[in-house]
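Along the sequence shown, residues are numbered consecutively beginning with 1.
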Amino acid sequence: LIAAELSRRGYRVNVITGDYGQDDICDHKGIRILKMYSAEKGWPVTRFFHPRLSGLFLSMKKANADIYFQRAAGSETGLVALCCKLLSRRFVYSVASQVECEKTKHSKWSATERILFRLGIRKATAVVTQTNAQAELLRRSLKIESTVIRSCATAPHRNPPHSTNPKERTTVLWLGRLTRAKRLELLLKLIADCRDLQFHLAGDAPPGSTYAQDLLANIQTQKNVVWHGKIPHARIGHLYRQARALVFTSEWEGYPSVFPEAWSQGVPIVTLWDVDQIIANHQLGMSCDTIPEMATALRRYFNDVNLWASTSQRCLQYYAENHTVQAVVDKYGELFDNLIKQDTFTTPRRRAAQSAAKGNTET
């Protein structure tokens, strides 16, 4: 979404991706796609250097970009940073999840991933976080400053158009993968507490996960639940448009894509996790601490038409002002343009250290 909008605005955009049998260079809606390497090729140990590191470097050199952008933590973060150093180019790293900002969480990764990720994020010219909470964690944990840019989402195709008539909103919606972080066992408790409400669930069950299979077996026995399974994004709009509210039970996230998607359809969110207190502060739904509180919140939206209508309008307005592709790319464009204008550039970690050395002489 970001790449397509940047291209529309006149930026020259390249995307480097793996070898899946496509041509070396492809054009997709004005975006140049460069083929790198096949993940299956190479000998153990040595393939880290060739074809992976060598293939990445050659592809980045071929792209000949002023700025290289990489998202989601892993060993590639360090490799992209290294290649940018060799090419004397700017590197922007984008945080995809809150765990990337917490130093203690990195212990779950392999030593190679941990070392290369920390090297990469510390050598980045700029770091983008999705929330103020992520920015503060990154500042405390790794002493790195960042720029907060919210996630964007396209409004699911509206056919029929969005309706503000609550009589057409008769269900409670949950979307996501059947993983432990989503805490589906809490959702099942909510479903049991709200036998009078109809729940529609859609998502993907990871193959081979006994946790997912046990949950799915339980879900399919509930009389007030419709399980849709995995649905293509292009067909998800009708589920939003018939929902009175979206429920969210995850323990943590980066910035859930279902939030702006729901708001784009005027759907309030009833949640156990409210990043940056956005939902509470902007009245875009209800932030709860317990399952009984969620049940009470849902019934309020079903029983109080005026409450639902006013919340729905705030959701639509908040999405339009903060989460459209255009609004988000405005901020990316500002960041990229400022980096290009700099004759010299330093890393966020170095800038944080320089700021600390100045003490309180500046505010």
NZ/NE/NH1/NH2 to OD/OE distance under 4.0 Å, Glu136 and Arg139
yes

Please find the pair of heavy atoms, one from Thr154 and one from Val325, that lie closest to each other, and give the distance.
CG2-CG2, 3.9 Å

Determine, using ring centers only, whether Phe69 and Phe91 are less than 6.0 Å apart.
no

State whether the side chain of Arg150 and the backbone N or O of Gln130 hold a donor-acceptor pair below 3.5 Å, judged by distance alone.
yes

What's the verdict on side chain to side chain donor-acceptor pair (under 3.5 Å) for Asp337 and Tyr11, showing C-alpha distance, side-chain angles and the deciding distance?
CA-CA 10 Å; Asp337 291 346; Tyr11 291 82; 3.0 Å; yes

Closest non-hydrogen atom pair, Leu190 against Ala295:
CD1-N, 3.6 Å

Distance col, row Ile340:CD1 vs Leu335:CG, nearest 0.5 angstrom, shows 10.0 Å

Is the backbone of Ala320 close enough, under 3.5 Å, to the side chain of His323 for a donor and an acceptor to pair up by distance?
no

Backbone N or O of Gly176 within a donor-acceptor pair of the Asp204 side chain at under 3.5 Å?
no

Is there a donor in the side chain of Arg195 and an acceptor in the side chain of Gln222, or the other way round, less than 3.5 Å apart?
yes

Would you call Glu185 and Lys189 a salt bridge, taking side-chain N to carboxylate O under 4.0 Å as the test?
no

Is the distance from the ring center of His200 to that of Tyr240 below 6.0 Å?
no

Check: Ile278 main-chain N/O paired with Asp276 side-chain donor or acceptor under 3.5 Å:
no

Please report whether the ring centroid of Trp308 lies less than 6.0 Å from that of Tyr301.
no

Assess the pair Tyr37 and His50: is the distance between their ring centroids shorter than 6.0 Å?
no

Between Gln317 and Gln313, does any side-chain donor sit less than 3.5 Å from a side-chain acceptor?
no

With rounding to the nearest 0.5 Å, note down the distance linking SG in Cys194 to CD1 in Ile191.
9.0 Å

Dump the intermediate steps for salt bridge (charged side-chain N to carboxylate O under 4.0 Å, His left out) on Glu5 and Arg8, then the final yes or no.
CA-CA 5 Å; Glu5 179 63 16; Arg8 191 189 68 80; 2.7 Å; yes

Per side chain to side chain contact (heavy atoms under 4.5 Å, CB included), His228 is matched among Leu201, Leu239, Leu175 by Leu239

Salt bridge flag under 4.0 Å for residues Asp196 and Arg299:
yes

May I ask you to decide if Ala153's main-chain N or O and Tyr319's side chain share a donor-acceptor pair within less than 3.5 Å?
yes

Looking only at side-chain N and O atoms, does Gln242 offer a donor or acceptor that is under 3.5 Å from a partner on Thr170?
no

List the residues meeting salt bridge (Lys or Arg N to Asp or Glu O under 4.0 Å) with Asp24, not counting sequence neighbours, and say none if there are none.
Lys35

Given 3.5 Å as the limit, does a donor-acceptor pair link the side chain of Asp23 with the main chain of Cys26, or not?
no

Going by the angle between their ring planes, with limits at 30° and 60°, are His282 and Tyr318 parallel, tilted or perpendicular?
tilted

Can any side-chain N or O of Ser312 pair as donor or acceptor with the backbone N or O of Gly266 at less than 3.5 Å?
yes

Thr221 side-chain N/O to Asn218 backbone N/O, donor-acceptor pair under 3.5 Å:
yes

Verify ring pair (Phe, Tyr, Trp, His ring centres under 6.0 Å) between Phe57 and Phe49, making sure each step is shown before the conclusion.
CA-CA 10 Å; Phe57 178 78; Phe49 300 97; over 10 Å; no

Specify the closest pair of heavy atoms between Leu184 and Tyr211, including all atoms of both residues, with the distance to one decimal.
N-OH, 3.6 Å

Run the numbers on Arg32 and Asn14 for side chain to side chain donor-acceptor pair (under 3.5 Å), then give the verdict.
CA-CA 5 Å; Arg32 191 169 68 149; Asn14 298 273; 2.7 Å; yes

Look at the side chain of Asn224 and the backbone N and O of Leu197, then say whether any donor-acceptor pair between them is shorter than 3.5 Å.
yes

Establish, yes or no, whether a centroid distance under 6.0 Å links the rings of Phe248 and Phe259.
yes

Polar side chain donor-acceptor pair, Thr171 to Gln198, under 3.5 angstrom:
no

Which heavy-atom pair separates Arg71 from Val95 by the least distance, and what is that distance?
NE-O, 3.9 Å

Go through Glu261 and His233 one step at a time and tell me if the side chain to side chain donor-acceptor pair (under 3.5 Å) criterion holds.
CA-CA 11 Å; Glu261 285 186 357; His233 186 265; 2.6 Å; yes

Please check this pair: side chain of Thr77 against backbone of Ala73, looking for a donor-acceptor N/O pair closer than 3.5 Å.
no

